[in-house]
Amino acid sequence: MNQRILNEIQDLKAKRNAVILAHNYQPAGIQDLADFCGDSLGLSVQASKTTADVIVFCGVRFMAETAKILSPDKTVVMPDRWAGCPMADMITAEQLCGLKQKYPDALVVCYVNSTAEVKARSDYCCTSANAVELVNSLPRDKQIIFVPDQHLGKFVEERTGRDLILWPGYCPTHVFIGEDDIRRARQVHPSAVVMAHPECSELVKRLADVLLSTGQMLKFVKDSPATEFIVATEIEIIHPLKKVRPDAEFIPASTRAVCPNMKKTTVEKVLASLESLQYEVTVPEEIRLKAKKSLERMVEILPEK
Ligand code: SF4
């Protein structure tokens, strides 16, 4: 990595009073230069607690939007303007409104991987770590619309025993992982623990030993006596996993599980974002306030642990 660019980033970061956040799926070099690494909501909450004026969010658009929703007075920039999340874009606010018209009495739960407009039209937001708990806390006699990830939704259905009204969204990166990938990896590493993300397909999840969000994976390996883990999620999570358990071996279930949008961030773009405060992410105030409500309702019924 170019040391001159890294030095310039540090200088500008101090000058701008900026904080750099990197999602667990960002390239390893970006994670290493960030002030905080983690999952999308955790990062946004952390950033809202800092006294920084500028947040450089190395991730995808909905994550930067979430940071802006929670930190309206900070300037939020993302190094690559085109880093979007195909799953978040699989449902528009209009499509969600159509669904709400069809099921007027249903509560709407949206996965945090959704646009600010969709969050604004939802009753509750959830993460992959707390979706089961959140749905379990809602009145049993209420129908629930769950968007946009059908695979996380089916996982919630299975764990809660409730029928949800699902939207057919999915993460293209996670569905790349096939059941044959898990079987092959298990053959080579018979004593490994298979960890899969709830965004994986149902067939993959059925073959896994544990189903965990990225944050939960980091905690799980820390306390696990196992020394080999097959990892069924975006492959870059292996970088922080190795930091937690340097003695363990982490095997990607599929080397094709790469999110191209997460890989759009480069150190050059991080530097440019600090130099020119680009690309600024804004959320109209009316949308921001409503979206914030759905996040706050989640925290109200599931206080941070
Ligand atoms: S890994 Fe999937 S859900 Fe995450 S940003 Fe990429 S496309 Fe979206």
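Just follow the structure's listing: the first ligand is 1, and inside any ligand the first atom is 1.
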Aromatic contact, His151 with His174 (centres under 6.0 Å) | no

Contact between Met63 and ligand 1, counting heavy atoms under 4.0 Å?
-> no

How far is atom 7 (S) of ligand 1 from its nearest protein heavy atom, and which residue and atom is that?
-> Pro86 CD, 3.4 Å

Taking Glu158 for its side chain and Phe155 for its backbone only, find out whether a donor-acceptor pair lies under 3.5 Å.
-> no

May I ask you to identify the nearest protein heavy atom to atom 6 (Fe) of ligand 1, giving residue, atom name and distance to one decimal place in Å?
-> Cys259 SG, 2.4 Å

Asn261 near ligand 1, heavy-atom distance under 4.0 Å?
-> no

One finds that the ligand 1 atoms under 4.0 Å from a non-hydrogen atom of Glu199 are 3 (S)

What's the shortest distance from atom 2 (Fe) of ligand 1 to any protein heavy atom, and which residue and atom give it?
-> Cys171 SG, 2.3 Å

Return yes when at least one N/O/S atom of Cys85 is nearer than 2.8 Å to atom 2 (Fe) of ligand 1, and no when none is.
-> no

Is Arg288 paired with Glu285 through a side-chain N to carboxylate O contact shorter than 4.0 Å?
-> yes

Verify the distance criterion only: is there a donor paired with an acceptor across the side chains of Asn24 and Thr214 at less than 3.5 Å?
-> yes

Within a distance under 4.0 Å of any heavy atom of Asn113, pick out the atoms of ligand 1 and give their elements.
-> 3 (S)

Pair Tyr111, Thr127: side-chain N/O donor-acceptor within cut-off below 3.5 Å | no

Could you tell me whether Lys68 and Glu65 make a salt bridge, using a distance below 4.0 angstrom between a side-chain N and a carboxylate O?
-> no

